[in-house]
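In what follows, a structure is listed as C-alpha cells, so that the remarks can point back to it.
Just so you know, these numbers use all the heavy atoms, side chains as well, and skip hydrogens, waters and symmetry mates. All of these numbers come straight from a predicted model, not from anything done at the bench.
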Amino acid sequence: MKNKFNIIKILIFLIIFCNISNIISAEDILIDAETVDIKEKGNLITASGAVSINDANFVQITGNLAEYNRIEQTVEINGDVVFFDKEKNYKVLSDKIIFERNTNIISSFGNTIFIFLDESNSNALFEVIGENSSFNQKNKILEITKNVVLKDLLNDYKIYSEKIIYDKNDQTFKSFDKTKLNYKNEFIINTKDLSYNKNKNSFNSGQQTTITDNLNNTFKLSNFSFNLENEIFKAEEIK
C-alpha cells in the first residue's frame with residue numbers, strides 16, 4: 001500500500017490494523033516523508049525522501065531512507081542520519097543508525113559523530129568521532145570504535161584511539177590499547193589504556209608512556225597521572 005504526497009504524516013496509533021495493546025507501545029511515533037510504504041498489516045513501515053521521525057516529542061531523527069518495525073520496536077534509518085535527543089542533550093550524525101526503542105540502545109554504523117551539548121542544546125561541550133558505536137540511553141554509556149577521536153571542547157584536548165568507552169553520567173572515559181593525547185597543542189602523550197576521572201580531573205595510565213612537548217623535549221615514564229587543574233605530571237619512573 002503506497003501513499004505519495006509532498007509530506008505524509010503517519011501517526012502509528014491511528015493505523016487501522018493496530019490492536020489496543022500495540023497502540024500503547026507505538027503511539028508516540030510520527031513519520032514524515034515524501035514516500036511511505038505500509039506493509040504486513042501495519043507492522044512494517046518504510047519511508048524515503050527527506051524522512052523525519054519524531055519519537056515521544058524529545059527525539060527527532062532525519063535521514064534519506066527509514067524502516068520502522070512496530071513489533072520489534074526498532075527504527076533503522078540510512079543516509080545522512082541525524083539523531084537529536086533534546087531532553088538528554090546530545091546529537092548523533094552517522095551513515096546508518098538503528099534505534100531500539102524497548103532497550104533504549106542506539107547503534108551507529110559507518111562514519112559517526114556524537115556531540116554532547118549543554119542544557120540549552122546551544123553549545124557543544126564534548127565530541128566523539130568514530131566509525132561504529134553503541135550508546136545506551138538508560139545508563140548513558142557510549143562505546144565507540146575504529147579511528148576514534150575524542151574532543152573536549154572546554155579543556156582543549158584531543159584523544160586518539162581505536163576504542164573508547166565514555167560514561168556521560170560521571171564524565172569518565174577509558175581508551176583501549178594505543179592512545180595519543182594532544183593537550184592544547186603544547187605536548188603529545190603516547191601511551192596505552194588511558195583513563196580520565198572527572199572528580200580528580202586527571203588522566204591516568206599504568207602503561208609505558210612517552211611525552212613530547214612543543215620544544216621537542218621527550219620524557220619517558222610509567223604509571224603516570226596528569227592533573228588538568230594544575231598541569232602537574234606524576235610518575236613512578238621518569239627519564
Side-chain angles (χ1 to χ4, degrees), residues 85 87-94 106 108 111-239:
D85 191 320
E87 184 182 42
K88 296 181 176 64
N89 312 115
Y90 73 90
K91 185 181 292 186
V92 189
L93 289 70
S94 185
I106 303 162
S108 75
N111 298 319
T112 299
I113 304 175
F114 266 82
I115 303 171
F116 295 96
L117 307 163
D118 60 15
E119 292 184 356
S120 66
N121 292 316
S122 301
N123 300 301
L125 305 175
F126 213 77
E127 186 176 290
V128 189
I129 302 170
E131 293 188 17
N132 299 307
S133 73
S134 176
F135 182 61
N136 189 316
Q137 292 196 101
K138 289 183 178 179
N139 57 28
K140 297 181 181 179
I141 292 178
L142 168 67
E143 180 175 328
I144 188 163
T145 59
K146 292 186 179 181
N147 301 316
V148 182
V149 182
L150 182 150
K151 301 179 182 179
D152 187 328
L153 303 177
L154 294 179
N155 293 301
D156 192 20
Y157 66 79
K158 297 178 183 179
I159 306 290
Y160 302 83
S161 185
E162 285 302 299
K163 178 181 177 181
I164 287 179
I165 294 179
Y166 170 60
D167 189 331
K168 188 175 184 290
N169 285 317
D170 53 17
Q171 297 183 51
T172 60
F173 69 79
K174 181 174 177 60
S175 73
F176 295 82
D177 207 0
K178 292 182 180 180
T179 302
K180 182 173 76 171
L181 165 62
N182 182 332
Y183 184 75
K184 296 183 177 180
N185 289 322
E186 295 177 0
F187 55 81
I188 303 292
I189 300 175
N190 285 289
T191 187
K192 292 183 179 180
D193 304 334
L194 183 70
S195 61
Y196 172 75
N197 187 304
K198 176 66 175 179
N199 293 329
K200 296 180 179 180
N201 199 22
S202 66
F203 294 104
N204 298 272
S205 174
Q207 303 294 327
Q208 294 293 320
T209 301
T210 300
I211 302 173
T212 304
D213 65 19
N214 52 14
L215 298 177
N216 288 322
N217 297 307
T218 299
F219 306 88
K220 294 184 179 180
L221 43 89
S222 62
N223 196 21
F224 87 96
S225 67
F226 171 53
N227 187 282
L228 292 181
E229 186 173 351
N230 52 34
E231 297 189 345
I232 291 177
F233 279 97
K234 293 181 180 181
E236 290 184 355
E237 297 179 6
I238 300 178
K239 294 182 181 180

Compare every heavy atom of Ile188 with every heavy atom of Asn190, then report the nearest pair and how far apart it is.
ND2-CG2, 3.7 Å
Sequence neighbours excluded, which residues qualify as side chain to side chain contact (heavy atoms under 4.5 Å, CB included) partners of Glu236?
Ser222, Asn223
Is the distance between the ring centroids of Phe226 and Phe187 under 6.0 Å?
yes
Quick one: closest heavy-atom pair of Thr112 and Ser94, and the distance?
OG1-OG, 3.1 Å
NZ (Lys88) with more than 12 external heavy atoms under 6.0 Å
yes
Can you tell me how far the CD1 atom of Ile129 sits from the CD1 atom of Ile115, to the nearest 0.5 Å?
8.5 Å
By side chain to side chain contact (heavy atoms under 4.5 Å, CB included), which residues pair with Ser161, not counting sequence neighbours?
Ile164, Ser175, Thr179
Looking only at heavy atoms, what is the nearest atom pair of Ala124 and Leu153, with distance?
O-CD1, 3.5 Å
To the nearest 0.5 Å, tell me how far Asp177 CG sits from Leu194 CG.
12.5 Å
Got a second to check how far Leu117's CG is from Asn123's CG, nearest 0.5 Å?
8.5 Å
Which distance, rounded to the nearest 0.5 Å, do you find between the CG of Leu154 and the CG of Asp156?
10.0 Å
If we only count heavy atoms from C-beta on, is the Asn214 to Asn185 side-chain gap below 4.5 Å?
no
Just grab all the ring-ring contact (aromatic ring centres under 6.0 Å, His included) pairs involving residues 117-152, residues at least two apart or on different chains.
Tyr90-Phe135, Phe114-Phe135, Phe126-Tyr166
Chi angles and distances behind the side chain to side chain contact (heavy atoms under 4.5 Å, CB included) call for Ile211, Leu221
CA-CA 8 Å; Ile211 302 173; Leu221 43 89; 3.6 Å; yes
Using side chain to side chain contact (heavy atoms under 4.5 Å, CB included) as the criterion, list what pairs up with Glu143, not counting sequence neighbours.
Lys163, Ile165
Are the side chains of Lys146 and Asn132 in touch, meaning some heavy atoms are under 4.5 Å apart?
yes
Rounded to the nearest 0.5 Å, what separation is found between the CD1 atom of Ile113 and the OG atom of Ser133?
11.5 Å
For Asn139, does its backbone N or O pair with a side-chain atom of Asn169 as donor and acceptor, under 3.5 Å?
yes
Between Leu150 and Tyr196, is there a side-chain heavy-atom distance shorter than 4.5 Å?
no
Sequence-distant partners of Glu127, salt bridge (Lys or Arg N to Asp or Glu O under 4.0 Å), two or more places apart:
Lys151
With the side chain counted from C-beta on, respond yes when Lys200 and Asn227 share a heavy-atom pair under 4.5 Å apart, and no when they do not.
no
Under a plain distance cut-off of 3.5 Å, with no hydrogens placed, do Asn147 and Tyr160 share a side-chain donor-acceptor pair?
no
Step through the shown structure and confirm whether more than 12 heavy atoms of other residues, nucleotides or ligands are within 6.0 Å of NZ on Lys158.
no
Which is it for Thr209 and Ile189 under the side chain to side chain contact (heavy atoms under 4.5 Å, CB included) test, yes or no, and what are the steps along the way?
CA-CA 7 Å; Thr209 301; Ile189 300 175; 3.4 Å; yes
Correct closest heavy-atom pair for Thr172 and Asp170 would be OG1-OD1, 2.8 Å
Sorted by chain and number, sequence neighbours left out, side chain to side chain contact (heavy atoms under 4.5 Å, CB included) with Lys239 holds for Lys220
Heavy atoms only: give me the nearest Asn201-Glu229 pair and the separation to one decimal.
ND2-N, 3.6 Å
Report the residue from Phe233, Tyr183, Tyr157 that forms a ring-ring contact (aromatic ring centres under 6.0 Å, His included) with Phe203.
Tyr157
Validation row: Phe173, Leu142 side chains within 4.5 angstrom (heavy atoms):
no
For the student: nearest non-hydrogen atoms of Gln207 and Asp193, plus distance:
NE2-OD2, 3.7 Å
